[in-house]
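Written below as structure tokens is the structure these notes are about.
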Amino acid sequence: MKESRPPFDLGRLKVGVLALQGSFQEHLAVLTGIGVQAVEVRLPDQIHDLDGIIIPGGESTTIGKLAVDFDLLEPLRNFGKKKAIWGTCAGAIFLSKDAHRNQPLLELMDITVDRNAFGRQIASFETELDIPALEVINSTPAPFPGIFIRAPLITAVEGEAEALAKLPDGRIVAARQGYLLATAFHPELSGDDRVHRYFLHLIQESSGR
Ligand code: GLN
């Protein structure tokens, strides 16, 4: 794993990982490895003092339903209007404004997603991704190992949102909108912490530091 220079005092950051369902432990482990305080989030009153929130992969319908049951929908929406949120896979679906299905969404990002876009045969695969945006964390230009597990595609990026990574055929698999980040793949499973460090950079920007 390539070391990159910390953008600012990472030890002072507190990042929450939505822990309703899915691969939240893996995100907590990467954040802790970087030296950030990382906490599980299940209740609305656990959000107010966080600097950023990660919504993990899992099953977006389940995460959405549990977020409704735990009264987290509005608190997360309000948080995302000012501060940084990153959704991986199911989390990216949950951040989107449209997933072509009737399921609870945060609708924070001006992106449309196509769930389970890769079909059954190749539902899970790994491929190298070029993510030029990682330059801001002094990353090496090495490709990023993209791990896709029953992943969505980002089929439309509109308004303030911009594409950050594409497959070789041009299909979009990562997007950013201000301090909001969506990745169709799973950086927390890749053994490469550069996208986590990029998210910490977005948190730094959101705090004006
Ligand atoms: N297929 C899942 C969904 O549609 C996402 C899979 C994942 O998060 N790895 O919600």
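The figures here come from the full heavy-atom set of this structure, side chains too, leaving out hydrogens, waters and symmetry mates. All residue numbers refer to positions in the sequence shown, counting from 1. Each ligand, and each atom within it, is numbered from 1 in the order the structure gives. Bear in mind that the values here come from a model prediction, so they are computed numbers and not experimental data.
- Comparing G91, G58, S60 against atom 5 (C) of ligand 1, the shortest heavy-atom distance belongs to G58.
- Residue contacts with ligand 1: G57 is placed with no nitrogen or oxygen under 3.5 Å of a nitrogen or oxygen of the ligand (distance criterion only).
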What side-chain donor-acceptor pairs closer than 3.5 Å can you find for residues 30-39, not counting sequence neighbours?
residue	atom	partner	partner atom	Å
T32	OG1	L28	O	2.7

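- Within the 3.5 Å criterion, the main-chain N or O of T155 finds no donor-acceptor partner in the side chain of T112.
- N116 OD1, 2.6 Å is the protein heavy atom nearest to atom 1 (N) of ligand 1.
- In terms of N/O distances under 3.5 Å, ligand 1 is not approached by T88.
- Inclusion of C89 in the set of residues having an N or O under 3.5 Å from an N or O of ligand 1 is not warranted.
- Salt-bridge formation is not detected for the pair K83/D51: no Lys NZ or Arg NE/NH1/NH2 atom is positioned less than 4.0 Å from an Asp or Glu carboxylate oxygen.
- Residue T61 has no nitrogen or oxygen atom sitting less than 3.5 Å from a nitrogen or oxygen atom of ligand 1, judged on distance alone.
- In this structure, the separation between CD on Q204 and CZ on F199 is 13.0 Å, given to the nearest 0.5 Å.
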Side-chain donor-acceptor contacts of residues 163-178 below 3.5 Å, not counting sequence neighbours, with atom names and distances?
residue	atom	partner	partner atom	Å
D169	OD1	R171	N	3.1
D169	OD1	R171	NE	3.4
D169	OD2	R171	NE	2.9
D169	OD2	R171	NH2	3.2
R176	NE	G178	O	2.6
R176	NH1	Y198	OH	3.4
R176	NH2	G178	O	3.1
R176	NH2	E205	OE1	2.8
Q177	OE1	D110	N	2.6

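- Look at R115 and E59 and you find a salt bridge, because one of the NZ, NE, NH1 or NH2 atoms lies within 4.0 Å of a carboxylate O, short of that distance.
- Only the side chain of I93 comes within 4.0 Å of ligand 1, counting heavy atoms alone; its backbone N, CA, C and O stay farther away.
- In R115, the part holding a heavy atom less than 4.0 Å from any atom of ligand 1 is the side chain.
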